[in-house]
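Have a look at the structure below, then the notes.
Positions are given from 1, in the same order as the sequence printed here.
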Amino acid sequence: MEYLALLMFVCVCLVLLFGFPVAFSLAGVALIFAGIGVATELFDVAFLQALPSRLYGVVNNQTLLAVPLFVFMGAMLERSKIAENLLTAMTILFGRFRGGLGISVTLVGMMLAASTGIVGATVVTMGLLSLPTMLKRGYSPSFSTGIICATGTLGQIIPPSIALVLLGDVLSSAYQQAQLKMGIFNPETVSVGDLFAGAVIPGLILVGFYILYCIGMAIFRPNDVPKIDVEELKKEYQSGSILALVLTALIPPLLLMTAVLGSILLGFATPTEAAGVGAMGAILLALWQKQLTRDNIKSVMESTLKITSMVFMILIGASLFSLVFRGLGGEELVTGFFEQMPGGVIGAMFVVMLVIFLLGFILDFIEITFVVVPIVAPILLAMGLDPIWLGIMIALNLQTSFLTPPFGFALFYLRGVASKTVTTMQIYKGVVPFILMQLVLLGALAIWPELVTWLPELIYGK
């Protein structure tokens, strides 16, 4: 019976490779295998009777309400030309140095990632805004595409990230399951705020790596990252005082990010409440930028509706899939596999990270969060792993997967908006150094988990 569950998982992956919609693939394959299980008396239909209560729990989940609000905030900021103004200001500020445009893209990408939390939106926005400028100023195509893809994926790890919101909700349930299995009947909880706090230091380290790489390129390969004539750039953008331009471009989004993230980390607001503040702040910024038009509002609402609908449809399909998977004995199969694995918890963690990395080629973070994490997380947490550390490792692992050729999602997003003069091989070549940096960070977090757990312990005492 357990191997029927494994066959179901393989079939889902194959169906997704053919391009069928994720939510319906998960639900459809699950129902087919449930039917096979009933026909062969290997599946108890009572498992499916738990589906309505699960979906009711999703509807009543206050944490997941943050998803549409954060999506709305990101879409509104994207429409309000915040990123365009930031890039202009940073280019004028750093462009006089070799590699300065790369540093500008990194800082703007970091702030945009913290504002939107959506990898695809950040990569596409940065690709449209900065790639033509970098190529026009003589920057190497491989360096330009690599830095844009890498900074675009920062939305995976830098809070407030939608990936961390979803991971936090799933890990909270998994952590309670693990503690109950361990005989702890007064279980501790892990929240989205804990994951946000745990992601701050790794996110800043990664941004620091990217900036150091830009400086290294300026020293060792200066022809790939030339200086920019700032005076010419100022005339082109018709900008007056540099200080005024930088302040007006920087202060509003920084205030918004501080209000959203600071209120969560300091315990003044839940992620859902902070997301509401962020959505309102994005509306005010769009109004200030004179971009709160009827067309923009309509576009933002449509984008929010589509993304939110996709997330919750996948969640429904994943709930059905996980019920059938457990009913077919899949959980016992995975538990037995991990218990017999050499290396104990280290070996189990390595295999899980490898599987998630490979699945990141064909599945988005939403599917992996709702399908894979609920299966493996309770087992790993029961082995004694810290839930916050596990969540950040998974998020960073997926971020690396999204960058890795030839299937990385970020590469496809940039390929879609890059000019034909930029070859796919140049994009692949450009992301390699950033993949290595992320692997170094993963190794550092594995050796020194305090890089993740120190800030949550300081703030929340966990």
Side-chain angles (χ1 to χ4, degrees), residues 90 94 97-114 119 122-123 126-127 130-131 134 139-159 161 163-164 198-222 224-225 350 353-354 356-358 360-361 365 389 391-411 413-414 425-452:
M90 290 296 176
F94 293 104
F97 309 109
R98 290 189 184 277
L101 194 50
I103 295 175
S104 302
V105 169
T106 301
L107 294 175
V108 174
M110 177 190 71
M111 286 185 274
L112 197 61
V119 170
T122 308
V123 172
M126 294 303 295
S130 58
L131 185 57
M134 297 182 82
Y139 273 64
S140 158
S142 59
F143 172 82
S144 303
T145 54
I147 195 84
I148 290 170
C149 284
T151 54
T153 58
L154 285 173
Q156 188 76 16
I157 189 71
I158 292 183
S161 161
L164 294 180
V200 170
I201 293 176
L204 291 177
I205 291 173
L206 205 52
V207 171
F209 280 171
Y210 294 173
I211 292 175
L212 288 175
Y213 177 68
C214 294
I215 295 172
M217 287 289 290
I219 296 171
F220 298 107
R221 302 187 67 176
D224 286 350
V225 287
F350 177 80
M353 294 294 282
L354 180 61
I356 288 177
F357 179 81
L358 295 176
F361 291 153
F365 75 89
W389 178 82
I392 301 305
M393 290 291 284
I394 290 173
L396 189 59
N397 186 20
L398 284 173
Q399 182 180 345
T400 308
S401 178
F402 294 161
L403 267 184
T404 304
F407 302 112
F409 282 103
L411 311 180
Y413 291 136
L414 186 62
M425 194 53 64
Q426 286 172 328
I427 298 176
Y428 289 174
K429 181 182 176 183
V431 297
V432 170
F434 298 96
I435 295 170
L436 295 176
M437 290 180 230
Q438 293 188 6
L439 291 175
V440 168
L441 181 57
L442 271 171
L445 297 185
I447 297 170
W448 299 292
E450 295 82 8
L451 292 171
V452 173

(Q) Is any side-chain heavy atom of Tyr213 closer than 4.5 Å to one of Phe143? (A) yes
Q. Within a strict 4.5 Å, meaning less than it, do heavy atoms of the Val207 and Thr151 side chains meet?
A. no
(Q) Would you compute the distance between atom CG of Leu403 and atom OH of Tyr428 and round it to the nearest 0.5 angstrom? (A) 12.5 Å
Q | Nearest atoms (heavy-atom pairs only) where Ile427 meets Cys149 | A | CG2-SG, 4.4 Å
Q: Run the numbers on Met110 and Leu206 for side chain to side chain contact (heavy atoms under 4.5 Å, CB included), then give the verdict.
A: CA-CA 10 Å; Met110 177 190 71; Leu206 205 52; over 6 Å; no
Q | Any pair counted as side chain to side chain donor-acceptor pair (under 3.5 Å), so long as it reaches residues 438-447, sequence neighbours left out | A | Tyr210-Gln438, Thr400-Gln438
Q.
For a 4.5 angstrom cut-off between non-hydrogen side-chain atoms, does Leu204 reach Val200?
A. yes
Q: May I ask you to decide if Gly430's main-chain N or O and Ser142's side chain share a donor-acceptor pair within less than 3.5 Å?
A: no
Q: Measure the spacing between CZ of Phe97 and SG of Cys214 and express it to the nearest 0.5 Å.
A: 13.5 Å
Q) side chain to side chain contact (heavy atoms under 4.5 Å, CB included) with Pro222: which residues, sequence neighbours excluded? A) Arg98
**Q.** Heavy-atom side-chain contact between Val225 and Ser140 under 4.5 Å
**A.** no
Q | Ring centroid separation Phe209 to Phe434 under 6.0 Å | A | no
Q. Do the non-hydrogen side-chain atoms of Ile392 and Leu164 ever get within less than 4.5 Å of each other?
A. yes
Q: Side-chain contact test, heavy atoms from C-beta onward, threshold under 4.5 Å: evaluate it for Met134 versus Ile147 and give yes or no.
A: yes
Q) Does the pair Ile201 and Ile205 meet the rule for a side chain to side chain contact (heavy atoms under 4.5 Å, CB included), with working shown? A) CA-CA 6 Å; Ile201 293 176; Ile205 291 173; 3.8 Å; yes
(Q) Could you measure the distance from the OG1 atom of Thr153 to the CD atom of Gln399? Nearest 0.5 Å is fine. (A) 4.0 Å
Q. Between Val452 and Pro202, what is the shortest heavy-atom contact and its length?
A. CG2-CG, 4.0 Å
Q | Any donor-acceptor N/O pair, Thr106 side chain to Gly102 backbone, under 3.5 Å | A | yes
Q) Which value, rounded to the nearest 0.5 Å, describes the distance between Met353 atom CE and Ser401 atom OG? A) 10.5 Å
Q.
Can you confirm whether Val431 sits close enough to Thr145 that some side-chain heavy atom of one is under 4.5 Å from a side-chain heavy atom of the other?
A. no
Q: Can you measure from CE (Met217) to CD1 (Ile215) and round to the nearest 0.5 angstrom?
A: 13.0 Å
Q: Grab the two heavy atoms, one from Gly203 and one from Ile158, that are nearest each other, plus how far apart they are.
A: CA-CG1, 4.2 Å
Q) Can you list the residues that meet the side chain to side chain donor-acceptor pair (under 3.5 Å) rule with Asp224, with sequence neighbours excluded? A) Arg221
Q: Examine distances only and state if a side-chain atom of Trp389 and a backbone atom of Gly198 form a donor-acceptor pair shorter than 3.5 Å.
A: no
**Q.** Taking every non-hydrogen atom, the tightest pair across Thr404 and Ile435
**A.** CA-CD1, 3.6 Å
Q. So how far is it from Leu442 CG to Leu396 CG, rounded to the nearest 0.5 Å?
A. 4.0 Å
**Q.** Contact summary for Ile148 and Gly127, nearest pair of heavy atoms
**A.** CG2-N, 3.8 Å
Q | Heavy-atom pair of closest approach, residues Ala163 and Gln156 | A | CB-NE2, 3.5 Å
